[in-house]
Amino acid sequence: MHCIIPAAGMGTRMRPHTWSTPKPLLPVAGKPILAHLIDSLTRIGVDRLTLVTGYLGGMLVDWTRHTYPDHTVDFIEQKQANGLGAAVGLARDLVKEGPVMVALADTLFKADLARLRGCTANMLAVCPVNDPERFGIVVTNPDGRVLRLVEKPKEPVGNLAIVGVYYFSDGPSLMRACDDLLRLGIRTRGEYQLTDAMQLMLEGGQAFETIAVDSWYDCGTTDTLLGTNRALLDSGGGGGTPLLENSVVLPPCAFGQGVILKDSVVGPYVSVGEGTVIERCVIRDSVLGAEARADGCFMTGSMLGAGTHVRQAPKSISIGDDCSLEV
């Protein structure tokens, strides 16, 4: 099966981390976000990928070729940031007869998608949300048949959000809808949205159904990425064996190759990239990139990029009676 992965976004909410690393390559629970997605897609029979790149696209190309050398992968550059519908439409020359999937590069989920194999209906993965104004929303009838699709509604229409995984039983029909979107100039909030392209398909008589996901993990901000790190580690996403020198690991944690812990307590919920050295630290609920250094630190709810070096020097403190000091 063929899957298109739009990955051209700038990840502005994840700055400063995305100044130098594309958001899909940020680490969570022991590997990049995009690796979690590709591994999930491979398990349901996806054997061909098309990555739509943009910001820092060269890094995505190099990483994908190195990490998945046995996968068939095409790369397309989205030169203008004009929406998800436009991004997907760039793959028109690569989409052949038969089904095609679309999966957003920062979408992590837990669901049984095996039923998509050989499915003859268009399917949208959905999940209830508390803030529907942030998402594409599905309006369904009592039988689960999709009646209407609304991108980031200003007025309440429902709370069933499209989580970023789409299955189209006929790929060329999707491409024609994306072309129509641009030809008709249909924009929502200034961009060509995939939700609007699917609405055109609905209006043209094509049926859509929904498939519920068990869990949907957000990686949009540092806080939500740390939450996703906790959830994935809790569900068995940890592993790796660091070199321990007078140190303790409190699971669940994930460690890359060559990690060294000296005189430290690490965990729970810590993900550490390869080659990182942690010395005289207490670290929990944090993500540390590859080849980082942490010395003398107490860290919680933190995220360190690759190659960073954090050292906390000893402090001298003098306070009088009945004082309270938080350092």
> Using 4.0 Å as the upper bound for N to carboxylate O, is an ion pair formed by Asp180 and Arg183?
Replying inline: yes

> So, does Asn82 use its side chain to make a donor-acceptor pair with the main chain of Glu191 at under 3.5 Å?
Replying inline: no

> Transitively linked via ILVMFWY side-chain contacts under 4.5 Å: Val126 with Met201?
Replying inline: yes

>> On a heavy-atom basis, which atom in Thr276 and which in Gly289 lie closest, and how many Å separate them?
In response: OG1-O, 2.7 Å

> Do the side chain of Arg65 and the main chain of Asp62 share a donor and acceptor less than 3.5 angstrom apart?
Replying inline: no

>> If you compare all heavy atoms of Thr308 against all heavy atoms of Gly305, which two are closest, and at what distance to 0.1 Å?
In response: OG1-O, 2.7 Å

> Which heavy-atom pair separates Val46 from Cys3 by the least distance, and what is that distance?
Replying inline: CG1-CB, 3.8 Å

> Is there side-chain contact between Asp106 and Pro24, with at least one heavy-atom pair below 4.5 Å?
Replying inline: no

>> Which heavy atom of Val213 sits nearest to which heavy atom of Cys127, and what is that distance?
In response: CG2-CB, 3.7 Å

> Quick one: are Phe208 and Tyr167 in side-chain contact, heavy atoms under 4.5 Å?
Replying inline: no

>> To the nearest 0.5 Å, what is the distance between OG1 on Thr64 and CG on Leu34?
In response: 5.5 Å

>> Please say yes or no: joined through hydrophobic side-chain contacts below 4.5 Å, possibly via intermediate residues, are Met175 and Leu84 part of one cluster?
In response: yes

Pairs under 3.5 angstrom only: tabulate donor-acceptor contacts from the side chains of residues 12-19 to other protein residues two or more places apart or in another chain.
{"unit_1": "Thr18", "atom_1": "OG1", "unit_2": "Gly11", "atom_2": "O", "d": "2.7"}
{"unit_1": "Thr18", "atom_1": "OG1", "unit_2": "Arg15", "atom_2": "N", "d": "3.4"}

> Which pairs with one or both residues in residues 232-250 pass side chain to side chain donor-acceptor pair (under 3.5 Å), sequence neighbours excluded?
Replying inline: Asp234-Tyr269, Asn246-Asp263

>> Counting C-beta onward and ignoring hydrogens, is there a side-chain heavy-atom pair between Arg148 and Leu202 closer than 4.5 Å?
In response: no

>> Please report the interatomic distance CG(Asn229) to OG(Ser286), rounded to the nearest 0.5 Å.
In response: 8.5 Å

>> Please determine whether residues Leu181 and Leu194 belong to a single hydrophobic cluster, defined as Ile, Leu, Val, Met, Phe, Trp and Tyr linked transitively by side-chain heavy-atom distances below 4.5 Å.
In response: no

> For the side chain of Ser40 and the backbone of Ile38, is there at least one donor-acceptor N/O pair under 3.5 Å apart?
Replying inline: no

> Of all heavy-atom pairs between Pro6 and Ala103, which one has the smallest distance, and what is that distance?
Replying inline: CD-O, 3.4 Å

> Would you say the side chain of His36 lies within less than 4.5 Å of the side chain of Tyr217, judging by non-hydrogen atoms?
Replying inline: no

> Heavy-atom distance under 4.5 Å between the side chains of Cys178 and Leu174, does that happen here?
Replying inline: yes

> Under the side chain to side chain donor-acceptor pair (under 3.5 Å) rule, what pairs show up with a residue in residues 201-214, not counting sequence neighbours?
Replying inline: Gln199-Glu203

> How long is the span from the CE atom in Met123 to the OG atom in Ser169, to the nearest 0.5 Å?
Replying inline: 10.5 Å

> Stepwise, does the side chain to side chain contact (heavy atoms under 4.5 Å, CB included) test hold for Arg176 with Asp170?
Replying inline: CA-CA 11 Å; Arg176 288 192 292 271; Asp170 180 57; 3.8 Å; yes

>> For the CG atom of Asp285 and the OG atom of Ser271, what is their distance to the nearest 0.5 Å?
In response: 11.5 Å

> Between Val28 and Leu26, does a side chain to side chain contact (heavy atoms under 4.5 Å, CB included) hold up when you go through it step by step?
Replying inline: CA-CA 7 Å; Val28 59; Leu26 293 178; over 6 Å; no

> Just by distance, do the side chain of Thr50 and the backbone of Ile4 share a donor-acceptor pair under 3.5 Å?
Replying inline: no

> Parallel under 30°, tilted from 30 to 60°, perpendicular over 60°: which one fits the rings of Tyr68 and His71?
Replying inline: perpendicular

> Rounded to the nearest 0.5 Å, how far apart are CD1 of Ile278 and CG of Leu261?
Replying inline: 5.0 Å

> Would Leu60 and Leu25 count as a side chain to side chain contact (heavy atoms under 4.5 Å, CB included) if you check the C-alpha gap in whole Å, the side-chain angles of each, and the deciding distance to 0.1 Å?
Replying inline: CA-CA 7 Å; Leu60 281 167; Leu25 296 188; 3.8 Å; yes

> Are Tyr192 and Val100 grouped together when hydrophobic residues (ILVMFWY) are joined by side-chain heavy atoms under 4.5 angstrom apart?
Replying inline: no

> Is Ile283 linked to Leu225 within one hydrophobic cluster, defined over Ile, Leu, Val, Met, Phe, Trp and Tyr using a side-chain heavy-atom separation of less than 4.5 Å?
Replying inline: no

>> What I'd like to find out is whether the side chain of Leu49 reaches to under 4.5 Å of the side chain of Leu51, using heavy atoms alone.
In response: yes

> Under 4.5 Å between any side-chain heavy atoms of Val265 and Leu250, yes or no?
Replying inline: yes

> Should the pair Arg187-Asp196 be classified as a salt bridge under the 4.0 Å nitrogen-to-oxygen rule?
Replying inline: no

>> For a 4.5 angstrom cut-off between non-hydrogen side-chain atoms, does Phe109 reach Leu37?
In response: yes

>> How long is the straight-line distance from CG of Leu94 back to CZ of Arg48, given to the nearest 0.5 Å?
In response: 5.5 Å

> How close do Ala105 and Ile33 get, heavy atom to heavy atom, and via which atoms?
Replying inline: O-CG2, 3.6 Å

>> Before you tell me yes or no, could you show the steps for Met198 and Asn122 under side chain to side chain contact (heavy atoms under 4.5 Å, CB included), namely the whole-Å CA-CA distance, both residues' side-chain angles and the distance that decides it to 0.1 Å?
In response: CA-CA 10 Å; Met198 293 187 296; Asn122 299 311; over 6 Å; no

